[in-house]
Amino acid sequence: MLFKQKNKEHMKLDIRNSQANINVNKGSDFEKQFKMIGLTYDDLKVINALQPFVVEEIDTIVTRFYANLEHEPSLLGIIRDKSSIEKLKKTLKTHIIEMFSGIVDDSYLEKRRKIARVHVRIGLQTKWYMCAFQDLLLSLMDVIEKNVMQTEECLRAIRAVSKILNLEQQLVIE
Ligand code: HEM
């Protein structure tokens with residue numbers, strides 16, 4: 001226990017080489033939205049610094065995502081009707097990894113609008129969408145807990161990830 005604690009002091013998130021970019025129209029709702037949730041340039045740097053851990057754990061994250069949908073069998077029915085779990089696992093992997101790019105711009109916004117339209121088309125109810133997002137947040141918190149050892153850094157990472165996931169939800173349920 002002590003040994004683990006001692007090691008924890010040395011593990012900090014390195015944001016020196018991580019990328020971040022916010023490029024949105026001034027005065028747009030989108031700009032107001034991320035300002036209202038306090039998403040900053042530094043948060044995006046933290047998010048991008050987490051990307052390698054997310055890449056490493058992506059299979060676990062996506063497997064858990066689909067296992068969670070088994071609580072509501074109709075969701076798996078929708079997936080089998082409209083697509084396939086194997087295909088969607090690939091799409092979701094790419095999407096989650098891109099979520100950690102540290103870049104928020106018009107293309108980011110447009111992609112989320114398209115994803116929203118896809119889910120409207122398949123008739124996905126908002127409550128199931130929100131459940132999937134919450135489970136994804138918990139899954140990402142596990143990744144942070146496993147890889148970011150220092151308590152303050154861990155909290156910093158969780159704060160940043162909760163913001164980017166919230167922004168994502170705002171855009172897809174709009
Ligand atoms: C498609 C992400 C929740 C079912 C997609 C796509 C992405 C995505 C990125 C590809 C969109 C495109 O073609 O450009 C997410 C995220 C979710 C979520 C981030 C929540 C955290 C769900 C849930 C279901 C679902 C709960 C359950 C039914 C589908 C289906 C498609 C799809 C069936 C393919 C539709 C088609 O190709 O016609 N999703 N999804 N998604 N998603 Fe989700």
Side-chain angles (χ1 to χ4, degrees), residues 1 4 7-8 11 13 18 33-34 37 39 43-104 107-151 153-174:
M1 183 68 187
K4 201 174 168 201
N7 273 347
K8 279 186 174 186
M11 302 227 13
L13 261 183
S18 61
Q33 280 167 273
F34 73 71
I37 60 168
L39 180 68
D43 285 324
L44 291 175
K45 288 204 119 194
V46 169
I47 284 164
N48 188 240
L50 293 168
Q51 197 181 43
F53 304 133
V54 172
V55 170
E56 209 173 282
E57 302 282 339
I58 197 68
D59 286 335
T60 312
I61 296 170
V62 169
T63 301
R64 171 174 168 165
F65 181 94
Y66 285 100
N68 188 42
L69 300 191
E70 285 170 18
H71 286 114
E72 174 46 47
S74 71
L75 298 175
L76 296 176
I78 297 180
I79 293 175
R80 285 193 198 100
D81 268 9
K82 312 280 177 192
S83 184
S84 75
I85 296 206
E86 275 326 298
K87 190 173 162 220
L88 276 186
K89 274 188 174 174
K90 275 195 199 140
T91 320
L92 190 64
K93 275 184 193 176
T94 311
H95 181 73
I96 294 172
I97 291 170
E98 278 179 15
M99 210 187 275
F100 285 80
S101 67
I103 296 167
V104 173
S107 141
Y108 170 95
L109 186 60
E110 202 31 61
K111 271 191 191 158
R112 269 81 199 156
R113 287 194 172 135
K114 183 176 170 241
I115 294 168
R117 287 194 294 272
V118 167
H119 290 103
V120 168
R121 198 176 66 222
I122 63 166
L124 178 61
Q125 291 180 64
T126 308
K127 61 184 172 189
W128 305 130
Y129 217 155
M130 299 302 281
C131 290
F133 267 115
Q134 181 58 25
D135 187 58
L136 181 58
L137 174 62
L138 294 176
S139 191
L140 292 166
M141 283 167 75
D142 286 349
V143 173
I144 293 168
E145 193 183 7
K146 186 172 162 188
N147 291 284
V148 184
M149 298 300 181
Q150 215 202 35
T151 311
E153 295 285 297
C154 201
L155 287 172
R156 188 181 182 203
I158 291 170
R159 266 187 219 108
V161 168
S162 79
K163 291 179 196 177
I164 199 77
L165 269 193
N166 180 278
L167 186 65
E168 184 100 358
Q169 287 166 69
Q170 291 178 47
L171 298 174
V172 292
I173 63 170
E174 207 171 57

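In what follows, every heavy atom counts, from backbone to side chain, and hydrogens, waters and symmetry copies are set aside.
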Which residues pass the side chain to side chain donor-acceptor pair (under 3.5 Å) test with Asp59, sequence neighbours left out? Lys93

What pairs with Glu145 under salt bridge (Lys or Arg N to Asp or Glu O under 4.0 Å), at least two apart in sequence or on another chain? none

Those residues at least two apart in sequence (or on a different chain) that pass side chain to side chain contact (heavy atoms under 4.5 Å, CB included) with Ser83 are Lys87, Leu88

Exactly one of Leu50, Leu165, Ile158 should register a side chain to side chain contact (heavy atoms under 4.5 Å, CB included) with Leu140. Which one does? Leu165

Run the salt bridge (Lys or Arg N to Asp or Glu O under 4.0 Å) test against Arg159 and tell me which residues pass, sequence neighbours left out. none

Who are the side chain to side chain donor-acceptor pair (under 3.5 Å) partners of Lys163, not counting sequence neighbours? Asp43

Residues forming a side chain to side chain contact (heavy atoms under 4.5 Å, CB included) with Val55, sequence neighbours excluded: Gln51, Ile97

What pairs meet the salt bridge (Lys or Arg N to Asp or Glu O under 4.0 Å) rule with one or both residues in residues 123-137, with sequence neighbours excluded? Arg64-Asp135

Sequence neighbours excluded, every pair satisfying salt bridge (Lys or Arg N to Asp or Glu O under 4.0 Å) that has a member inside residues 65-86: none

Decide yes or no for Phe34 and Leu44: does some side-chain heavy atom of the first lie under 4.5 Å from some side-chain heavy atom of the second? no

By side chain to side chain donor-acceptor pair (under 3.5 Å) - contacts of Gln125 (at least two apart): none

Return the set of residues passing side chain to side chain donor-acceptor pair (under 3.5 Å) with Lys89 (not counting sequence neighbours), or none when no residue passes. none

Could I get the full list of salt bridge (Lys or Arg N to Asp or Glu O under 4.0 Å) partners for Arg117, not counting sequence neighbours? Glu110

Any pair with a residue in residues 121-143 that passes ring pair (Phe, Tyr, Trp, His ring centres under 6.0 Å), sequence neighbours left out, goes on the list, sorted by first then second residue, please. His119-Tyr129, Tyr129-Phe133

